[in-house]
Amino acid sequence: MKIIDLSPYKRLKADSKNDWLTKAQLILQYGWKRYQVAQAEDKVLAALNAELDNRYVAIRGMTLPNDKTPLPPLVLGPTGAYLFYVWPKAGFYRIREDQWEVMQRNARNYRPAKPNVVQEVRRMAKALTDYLSDLTGQPIVVTPLMVFADPATDIDAVRPAVKPLLPDGLRRYASQIPQKKAVLSPTTLLDITDAVRPRPKLQTAPKPKQRPKKATQPPKAIKKAERYFNFTPRQWLILGVLAFLVLLTLAFAIFLVLATAY
């Protein structure tokens with residue numbers, strides 16, 4: 001099975017040589033829950049890879065155009081499309097039609113939990129169904145599945161809207177996928193994988209280097225003065241201001257003398 005990994009976990013892993021640093025970055029940026037899901041998805045993809053051949057491809061971390069939230073692993077092959085939602089936590093759960101229930105430790109009975117994970121998985125599968133159907137121009141139905149990665153999990157199902165799979169059941173289900181009727185052509189699969197693969201960034205031509213502007217040369221009179229007086233430009237500016245103030249004071253004094261002469 002081929003794997004197209006678009007998840008943030010892969011990007012962090014590629015940028016970091018230390019596994020512990022990758023874990024720390026993933027936890028800090030996306031939280032402990034996202035890290036647990038990433039670890040559980042690794043196990044699920046490894047189990048699927050052992051049962052499915054190269055005609056199948058798993059797309060991990062895919063996002064839809066109007067939603068930037070990474071989706072669970074999507075497996076595509078000749079026999080259809082399958083969304084594997086991975087639940088990493090151990091516990092006692094029940095799926096009753098489209099309801100998600102968790103056993104309370106104290107009361108020892110099942111109660112509806114929020115958010116409703118079952119309905120969320122169905123929503124993601126429906127969004128993927130619409131997206132892939134519009135992309136290929138043919139009806140493609142995405143089958144939603146819930147995989148409970150922890151072997152200590154107990155799941156009770158009553159006419160579940162989303163099929164639950166424990167680790168042992170995952171391998172059995174994956175081994176049955178290639179035996180189903182083919183519904184997707186190689187061309188359709190290629191169109192889907194080409195659409196979700198990240199496009200390489202186009203390299204723009206480097207801008208031509210601008211020649212530095214030549215500094216304006218001071219007048220020749222100033223150059224001659226600089227030979228005799230080793231002043232800095234700031235000192236020349238202060239000297240000019242003082243000369244202007246002296247001339248202004250002298251003109252004002254002459255005006256007063258002329259005004260009081262009569």
Side-chain angles (χ1 to χ4, degrees), residues 1 7 9 27 30-52 56 58-62 64 67 69-77 79-130 132 140-181 183:
M1 182 182 69
S7 64
Y9 181 71
I27 293 171
Y30 301 99
W32 174 251
K33 181 180 179 181
R34 180 58 201 164
Y35 172 72
Q36 286 182 307
V37 172
Q39 295 295 99
E41 286 180 352
D42 287 341
K43 298 178 181 179
V44 171
L45 290 174
L48 294 173
N49 188 41
E51 302 294 338
L52 301 176
Y56 292 83
I59 306 174
R60 183 183 188 183
M62 176 182 173
L64 295 177
D67 189 357
T69 303
L71 294 171
L74 173 67
V75 175
L76 300 167
T79 56
Y82 307 87
L83 182 67
F84 288 86
Y85 183 92
V86 182
W87 184 265
K89 301 178 182 179
F92 295 86
Y93 307 99
R94 181 168 65 185
I95 300 177
R96 186 168 54 180
E97 296 182 352
D98 64 345
Q99 296 302 311
W100 171 247
E101 299 177 352
V102 179
M103 178 177 284
Q104 304 298 316
R105 293 182 179 180
N106 298 331
R108 289 293 178 181
N109 58 353
Y110 290 100
R111 291 185 180 179
K114 293 184 179 180
N116 190 324
V117 182
V118 177
Q119 293 181 5
E120 182 65 15
V121 175
R122 293 186 67 188
R123 183 196 65 80
M124 289 188 287
K126 176 64 168 56
L128 270 172
T129 295
D130 296 340
L132 297 179
I140 296 178
V141 178
V142 178
T143 302
L145 303 159
M146 281 192 68
V147 182
F148 297 86
D150 197 310
T153 302
D154 183 82
I155 178 71
D156 183 22
V158 181
R159 298 183 300 275
V162 176
K163 183 177 180 61
L165 295 172
L166 292 172
D168 293 340
L170 172 64
R171 288 187 175 273
R172 289 195 299 269
Y173 186 88
S175 65
Q176 296 171 2
I177 290 178
Q179 302 174 13
K180 298 181 179 181
K181 181 181 177 181
V183 293

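Only heavy atoms go into these numbers, but all of them, side chains included; no hydrogens, no water, no symmetry mates.
By the 4.5 Å heavy-atom criterion applied to side chains, Val162 and Tyr85 are not counted as neighbours. No side-chain heavy atom of Phe148 sits under 4.5 Å from any side-chain heavy atom of Asp154. Contact check for Leu132 versus Leu74: side-chain heavy atoms found under the 4.5 Å cut-off. Residues Asn49 and Leu45 are not in side-chain contact: their nearest non-hydrogen atoms beyond the backbone lie 4.5 Å or more apart.
The side-chain hydrogen bond (donor to acceptor under 3.5 Å, both in side chains) analysis of residues 158-169, with sequence neighbours excluded, yields the pairs Glu97-Arg159.
Taking 4.0 Å as the cut-off between side-chain N and carboxylate O, Asp150 and Lys43 do not count as a salt-bridged pair.
The two residues Ala127 and Leu64 have their closest heavy-atom pair at CB-CD1, 3.6 Å. Between Lys89 and Thr153, the closest heavy-atom pair is O-OG1, 3.5 Å. Ala40 and Ala149 make their closest contact through CB-CB, 3.7 Å (heavy atoms, listed as atom of the first residue, atom of the second, distance). Contact detail for Glu41 and Pro72: the closest heavy-atom pair is OE2-CA, 4.2 Å. Closest approach of Val121 and Leu145 over heavy atoms only: CG1-O, 4.4 Å. Minimum heavy-atom separation, Ala161 to Val118: CB-CG1, 4.4 Å.
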Evaluation steps, side-chain contact (heavy atoms from CB on, under 4.5 Å), between Val86 and Gln36: CA-CA 10 Å; Val86 182; Gln36 286 182 307; over 6 Å; no

Step-by-step side-chain contact (heavy atoms from CB on, under 4.5 Å) determination, Leu48 to Tyr56: CA-CA 10 Å; Leu48 294 173; Tyr56 292 83; over 6 Å; no

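Ile155 CD1 to Leu165 CG: the interatomic distance, rounded to the nearest 0.5 Å, is 10.5 Å. In this structure, CG on Leu166 lies 14.0 Å from CZ on Arg171, to the nearest 0.5 angstrom. Atoms CD and CD, from Gln119 and Gln99 in turn, are 5.5 Å apart once rounded to the nearest 0.5 Å. Separation of atoms OH (Tyr93) and CG (Asp156) is listed at 14.0 Å; rounding is to 0.5 Å. For the atom pair CH2 (Trp100) and CD (Glu120), the distance works out to 12.5 Å, reported to the nearest 0.5 Å. In this structure, the separation between CD1 on Ile59 and CG on Leu76 is 4.5 Å, given to the nearest 0.5 Å.
Of the possible polar contacts, one joining the Thr129 side chain to the Val142 backbone as a donor-acceptor pair under 3.5 Å is found. Under the 3.5 Å distance criterion, the side-chain polar atoms of Ser7 are left unmatched by any main-chain donor or acceptor of Arg60. With hydrogens and angles disregarded, a donor-acceptor distance shorter than 3.5 Å links the side chain of Asn116 to the backbone of Asp98.
The number of heavy-atom neighbours closer than 6.0 Å to NZ of Lys126, taken from other residues, nucleotides and ligands shown, is 12 or below.
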